[in-house]
Amino acid sequence: AQSVTQLGSHVSVSEGALVLLRCNYSSSVPPYLFWYVQYPNQGLQLLLKYTSAATLVKGINGFEAEFKKSETSFHLTKPSAHMSDAAEYFCAVSRGGNTGKLIFGQGTTLQVKP
Amino acid sequence: EPEVTQTPSHQVTQMGQEVILRCVPISNHLYFYWYRQILGQKVEFLVSFYNNEISEKSEIFDDQFSVERPDGSNFTLKIRSTKLEDSAMYFCAHRDRGPLNTGELFFGEGSRLTVL
């Protein structure tokens, strides 16, 4: 079975500060890992994905995440937060293949203070 | 970027009424999904659909729910007799590849269902 745990339901940072959103996964097979962002009253948009190539993955809007198998983690970072980054962030895991089902974490709300 | 159109964007209904949520994905995509998100909670898998049949469903997807793709384009989620706890945002998603799929799904903007 696969699962995802996001540590911290709310994270608050100042504009310009480092953003770190934590995600740990559990998977019995090599996982595919994703970060999705949800802006208020909008759908889910893919930020980045890990698909067993490079362990450091760069996504849109300056975000990146590093896959660490030894720590079963896939934390999302951004060096400098912008006000427009305020949103809900979801980490997700999939085993790929014919099922392709995504399993989501609980989500982390990022607040960016001026 | 692939687009998914969901209708209605918001529906208010009385408890016990039937609701149909619609999704129009890119026509050549073969794998379809419904997810829901109760306010303030995580996004939960409901059902996956391939080749005109359900390939997987969650415990949430009970006999009150059904899905179909009647005309080869629209993908619908029907709730036969809505309950208060069905109030949520419902997301349609799809992808276009089979065994080589890496799991990435493309989501619509959601249909908000409010059951009174």
Side-chain angles (χ1 to χ4, degrees), chain A residues 1-10 21 23 25 27 29-54 57 59-61 65 67 74 87-109, chain B residues 1-7 9-10 21 23-25 29-51 53-61 88-112:
Chain A
Q2 297 181 304
S3 66
V4 172
T5 301
Q6 292 183 239
L7 299 176
S9 58
H10 287 84
L21 305 183
C23 172
Y25 70 91
S27 179
V29 298
Y32 298 114
L33 294 160
F34 307 83
W35 277 97
Y36 280 83
V37 61
Q38 184 182 31
Y39 298 104
N41 300 315
Q42 294 188 27
L44 297 163
Q45 180 182 1
L46 181 69
L47 266 182
L48 49 79
K49 61 182 178 180
Y50 166 75
T51 58
S52 75
V57 180
I60 62 172
N61 301 336
F67 172 70
F74 190 58
E88 184 89 11
Y89 292 80
F90 292 94
C91 183
V93 64
S94 170
R95 63 185 353 180
N98 280 326
T99 60
K101 180 179 68 176
L102 281 177
I103 304 296
F104 285 89
Q106 301 91 322
T108 299
T109 300
Chain B
E1 185 174 333
E3 294 183 355
V4 180
T5 302
Q6 287 189 242
T7 57
S9 57
H10 187 194
L21 306 178
C23 170
V24 183
H29 284 202
L30 302 176
Y31 299 82
F32 305 97
Y33 305 79
W34 283 102
Y35 284 77
R36 81 171 185 188
Q37 183 184 28
I38 295 173
L39 186 63
Q41 298 186 25
K42 69 177 180 179
V43 180
E44 301 174 291
F45 168 76
L46 290 178
V47 65
S48 58
F49 188 85
Y50 169 67
N51 200 26
E53 62 181 28
I54 291 174
S55 51
E56 187 176 356
K57 60 183 181 179
S58 71
E59 293 178 352
I60 303 169
F61 195 87
M89 181 74 89
Y90 289 82
F91 292 104
C92 173
H94 67 97
R95 63 178 175 89
D96 63 350
R97 300 177 69 186
L100 297 179
N101 167 58
T102 57
E104 177 183 351
L105 298 184
F106 301 96
F107 286 85
E109 295 204 343
S111 293
R112 181 168 296 283

To the nearest 0.5 Å, what is the distance between [atom1] ([X]) and [atom2] ([Y])?
X	Y	atom1	atom2	result
E109(B)	Q45(A)	CD	CD	10.0 Å
Y36(A)	L105(B)	OH	CG	5.0 Å
F91(B)	Q38(A)	CZ	CD	4.5 Å
L46(A)	F106(B)	CG	CZ	7.5 Å

side-chain contact (heavy atoms from CB on, under 4.5 Å) between Y35(B) and L102(A), worked out = CA-CA 10 Å; Y35(B) 284 77; L102(A) 281 177; 3.4 Å; yes

Would the number of heavy atoms belonging to other residues, nucleotides or ligands and lying under 6.0 Å from CD1 of I60(A) be above 12?
->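 Correct, the count exceeds 12.
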
Could you tell me which of G105(A), P31(A), A92(A) has the largest number of non-hydrogen atom pairs under 4.5 Å with chain B?
->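 Counting heavy-atom pairs under 4.5 Å, the top option is G105(A).
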
Would you mind reporting whether Q6(A) and K42(B) have side-chain heavy atoms less than 4.5 Å apart?
-> no

Region of Q37(B) in contact with chain A, defined by heavy-atom distances below 4.5 Å |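 When you check distances to chain A, only side chain atoms of Q37(B) fall under 4.5 Å.
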
